[in-house]
Amino acid sequence: MNSETIVAQIEKNAIRLSTPDDLDLLIEAAGDAKYVLLGEASHGTSEFYTWRAELSKRLISEKGFNFIAVEGDWPSCYSLNRYLKHDPGAEPTPRAAMQAFNRWPTWMWANAEIIELAKWMREFNAQRAPEQQKAGFYGLDVYSLWESMEEVIGYLARIGSPELAHAQKAFACFEPFKRNEQSYGLSASFFSESCEEEVVRVLMALHNGRDFGALDAEAALSAEINALVAVNAERYYRAMIRSGPDSWNIRDLHMAETLNRVADFYGPDAKAIIWEHNTHIGDARATDMAGAGMINIGQLLREQHAENDVYAIGFGTHHGTVIAGRAWGAPMEEMRVPPAQRDSWEDLLHRAGSYDKILMLGADNALFQEVIGHRAIGVVYDPEDERGNYVPSRMAQRYDAFLYIEESKALDPLVLGVVHS
């Protein structure tokens, strides 16, 4: 790799990012797509959230995008969605709605940056005419097995559905495992004690019985998605016990399927904004993930839709601070993000000018087809040992554009349990 030649090309192609007006180039490039994918190099960096929010607000207000779908749980995100849409019975403030984000890592969506976006979306929706669809906020992830089952039971009870008894019987299959996903996965994998058939039956009943024209069609959609979570979470936790790419692939296939069902709900002209980690939205075929047999939602959307219908923007930073945990379930900490490793993608962007910038990658740019290490920080992070945090990537194949932050800061997490305006 001739790093100095790549640095020179970045200097030529990049524009300085200082204010929201500097996003014009990205808005025009992405605005005609049906799916705009906005990444992040960590789940705890403020600028990744605030710049994605600025892009999303403009895509919604100027380009007619219908909803934001995020790497979060459906039940908790749906609580915020109801607040944004002024639904009867919804929580009165964004902080109150965010009490639903009560499972680790809570900081991913319960943070001050999302509160600001939520306020904007609620005001935008308040100004919509009655016949206009309101902008939504949904979770695509698969982790909420128990919460989603509870939501399905609650919905069926509220509408007096004859399917309630069947759902209660199906979900009773999980009761012996007392909300312990690992215990269920072990039993299902090694002792054939699977609940798969039961939850699939519930999903099919909800899907076949859903009325898109019903008075509360979105509540019916929510029940169906929660049943889908139960189906795929069951598969995910069973696969997690085995080694290999199956659990990762089940998760991203679920996220793509959930996205497609929400898009179908909004109609044939639906336009969606997806917020997920770079490892999910950046095409897996342009990384070493492909060699490991792993796919992701970025790849799946490109395969399912026309080339111009999908636009992916990666995000990264050279150094700064981040919110993460030392281990899964550990207390969140503000940690230092050390300067990027020499000749990594972030280092090359730094050497091209120590300021925030937007880079249009261009699929025909041979220099950006080089395999370059690209930093990925998870919810579990050790800043003293970054050896495994760089994903070999062909950047122009992985993304359409890249937003770079020179010095980033940790996001501002909420302390849950205290509700105030």
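Quick note: residue numbers are just sequence positions, from 1.
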Undergrad: Under the side-chain contact (heavy atoms from CB on, under 4.5 Å) test against F101, which residue among P413, C77, S79 passes?
TA: C77
Undergrad: Determine whether the side chains of E218 and N81 contain a donor N or O and an acceptor N or O closer than 3.5 Å.
TA: yes
Undergrad: Taking side-chain hydrogen bond (donor to acceptor under 3.5 Å, both in side chains) as the test, write out the residues that go with S148, two or more places apart.
TA: S144, N226
Undergrad: Yes or no on side chain to side chain contact (heavy atoms under 4.5 Å, CB included) for E113 and D412, after CA distance, side-chain angles and deciding distance?
TA: CA-CA 7 Å; E113 288 81 354; D412 183 9; 3.9 Å; yes
Undergrad: Checking side chain to side chain contact (heavy atoms under 4.5 Å, CB included) for the pair N249/M294: CA distance, chi angles, key distance, verdict?
TA: CA-CA 6 Å; N249 291 345; M294 300 166 72; 4.0 Å; yes
Undergrad: Grab the two heavy atoms, one from K63 and one from K271, that are nearest each other, plus how far apart they are.
TA: O-NZ, 3.0 Å
Undergrad: Give me the atom names and distance for the closest heavy-atom approach of I405 to E47.
TA: CG1-CB, 3.9 Å
Undergrad: Tell me, with the steps shown, if L228 and T258 meet side chain to side chain contact (heavy atoms under 4.5 Å, CB included).
TA: CA-CA 8 Å; L228 180 66; T258 302; 3.7 Å; yes
Undergrad: Is there a side-chain contact between E71 and R251 in this structure, where contact means two heavy atoms from C-beta onward sitting under 4.5 Å apart?
TA: yes
Undergrad: Using only atom types and a distance under 3.5 Å, with no angle test, would you say the side chain of R122 pairs donor to acceptor with the backbone of P94?
TA: no
Undergrad: So R375 and Q341, do their side chains get closer than 4.5 Å, heavy atoms only?
TA: no
Undergrad: How long is the gap from CD on E163 to CD1 on I153, to the nearest 0.5 Å?
TA: 11.0 Å
Undergrad: Can you list the steps and then say if R235 with N232 is a side-chain hydrogen bond (donor to acceptor under 3.5 Å, both in side chains)?
TA: CA-CA 5 Å; R235 294 171 178 164; N232 288 327; 3.2 Å; yes
Undergrad: Look at the aromatic rings of H318 and H350 and report parallel, tilted or perpendicular, splitting at 30° and 60°.
TA: parallel
Undergrad: Answer yes or no: is there a donor N or O on one side and an acceptor on the other, between the side chain of Y143 and the main chain of A233, under 3.5 Å?
TA: no
Undergrad: Below 4.5 Å, heavy atoms only, C-beta onward: do N296 and T279 meet side chain to side chain?
TA: no
Undergrad: Is there a salt bridge (charged side-chain N to carboxylate O under 4.0 Å, His left out) between E257 and R261 once you walk through the steps?
TA: CA-CA 6 Å; E257 183 177 1; R261 292 194 186 211; 2.8 Å; yes
Undergrad: R394 and E370: salt bridge (charged side-chain N to carboxylate O under 4.0 Å, His left out), yes or no, with the steps?
TA: CA-CA 6 Å; R394 291 183 173 87; E370 294 265 7; over 6 Å; no
Undergrad: Parallel, tilted or perpendicular: which one describes the rings of W275 and W109, with boundaries at 30° and 60°?
TA: tilted
Undergrad: List the atom pairs, with distances to 0.1 Å, where a side-chain N or O of residues 397-404 and a protein N or O form a donor-acceptor pair under 3.5 Å, not counting sequence neighbours.
TA:
| unit_1 | atom_1 | unit_2 | atom_2 | d |
| --- | --- | --- | --- | --- |
| Q397 | NE2 | Q369 | OE1 | 2.8 |
| R398 | NH1 | S393 | OG | 2.8 |
| R398 | NH2 | N278 | O | 3.3 |
| Y399 | OH | H374 | NE2 | 2.9 |
| D400 | OD2 | A312 | N | 2.8 |
| Y404 | OH | E406 | OE1 | 2.5 |

Undergrad: What is the minimum heavy-atom distance between E407 and D356, and which atoms define it?
TA: N-OD1, 4.4 Å
Undergrad: Roughly how far apart are E40 CD and L411 CG, rounded to 0.5 Å?
TA: 9.0 Å
Undergrad: Rounded at 0.5 Å granularity, tell me how far CG in D269 sits from CD in Q133.
TA: 9.5 Å
Undergrad: How about F315 and T45: do any of their side-chain heavy atoms sit closer than 4.5 Å?
TA: no
Undergrad: Checking D246 side chain against A239 main chain: does a donor-acceptor pair fall under 3.5 Å?
TA: no
Undergrad: Here's one to test your reading of the geometry: is the NZ or CZ of R52 within 45 degrees of the ring axis of Y49 and under 6.0 Å from its centre?
TA: yes
Undergrad: Compare all side-chain heavy atoms of E307 with those of D309 and state whether any distance is below 4.5 angstrom.
TA: no
Undergrad: Measuring from T5:OG1 to I10:CD1, what's the distance to the nearest 0.5 Å?
TA: 11.0 Å
Undergrad: Within the distance-only criterion (no hydrogens, no angle test), does the side chain of S344 pair as donor or acceptor with the backbone N or O of A340 below 3.5 angstrom?
TA: no
Undergrad: Below 4.5 Å, heavy atoms only, C-beta onward: do L140 and W74 meet side chain to side chain?
TA: no
Undergrad: So which atom in A270 and which in Y266 form the shortest heavy-atom distance, rounded to 0.1 Å?
TA: CB-CB, 3.7 Å
Undergrad: May I ask you to say whether E62 pairs ionically with K57, meaning some side-chain N is under 4.0 Å from a carboxylate O?
TA: no
Undergrad: Taking the side chain as C-beta and beyond, is there a heavy-atom pair between M98 and L414 under 4.5 Å?
TA: yes
Undergrad: Checking D252 side chain against I297 main chain: does a donor-acceptor pair fall under 3.5 Å?
TA: yes
Undergrad: Who pairs with E11 by salt bridge (charged side-chain N to carboxylate O under 4.0 Å, His left out), at least two apart in sequence or on another chain?
TA: none
Undergrad: Working to the nearest 0.5 angstrom, can you tell me the gap between I358 CD1 and I313 CD1?
TA: 8.0 Å
Undergrad: Take L349 and V7 through the side chain to side chain contact (heavy atoms under 4.5 Å, CB included) test and state the conclusion after the steps.
TA: CA-CA 7 Å; L349 286 157; V7 168; over 6 Å; no
Undergrad: What pairs of residues pass the ring pair (Phe, Tyr, Trp, His ring centres under 6.0 Å) test when at least one of them lies in residues 5-33, not counting sequence neighbours?
TA: none
Undergrad: Can you give me every donor-acceptor pair (side chain of residues 26-39, partner residue at least two apart or in another chain, under 3.5 Å) with its distance?
TA:
none

Undergrad: List in chain and number order the residues that pass salt bridge (charged side-chain N to carboxylate O under 4.0 Å, His left out) with E91, two or more places apart in sequence or in another chain; answer none if no residue qualifies.
TA: none
Undergrad: Would you say the side-chain atoms of E333 and Y381 include a donor-acceptor pair closer than 3.5 Å?
TA: no
Undergrad: Between E54 and R58, does any NZ, NE, NH1 or NH2 come within less than 4.0 Å of an OD or OE carboxylate oxygen?
TA: no
Undergrad: For L361 and F368, work out which heavy atoms get closest and say how close.
TA: O-CD1, 3.3 Å
Undergrad: Would you say the rings of F137 and Y83 are close, in the sense that their centroids are separated by under 6.0 Å?
TA: no
Undergrad: Determine, stepwise, if the pair E234 / R238 fulfils salt bridge (charged side-chain N to carboxylate O under 4.0 Å, His left out).
TA: CA-CA 6 Å; E234 186 278 333; R238 187 152 34 96; 2.8 Å; yes
Undergrad: Taking 4.0 angstrom as the limit, do R285 and D283 come out as a salt bridge?
TA: yes
Undergrad: Answer yes or no for K357 and Y355: cation-pi contact, defined as NZ/CZ to six-membered ring centre under 6.0 Å and angle to ring axis within 45°.
TA: yes
Undergrad: Would the distance check show the side chain of S76 and the main-chain N or O of D73 forming a donor-acceptor pair, the cut-off being under 3.5 Å?
TA: yes
Undergrad: Taking the side chain as everything from C-beta on, heavy atoms only, tell me whether Y390 gets closer than 4.5 Å to E346.
TA: yes
Undergrad: What are the two closest non-hydrogen atoms of Y236 and S247, and how far apart are they?
TA: CD1-O, 3.2 Å
Undergrad: Return yes if some donor-acceptor pair links the side-chain N/O of W104 with the main-chain N/O of A330 below 3.5 Å, else return no.
TA: yes
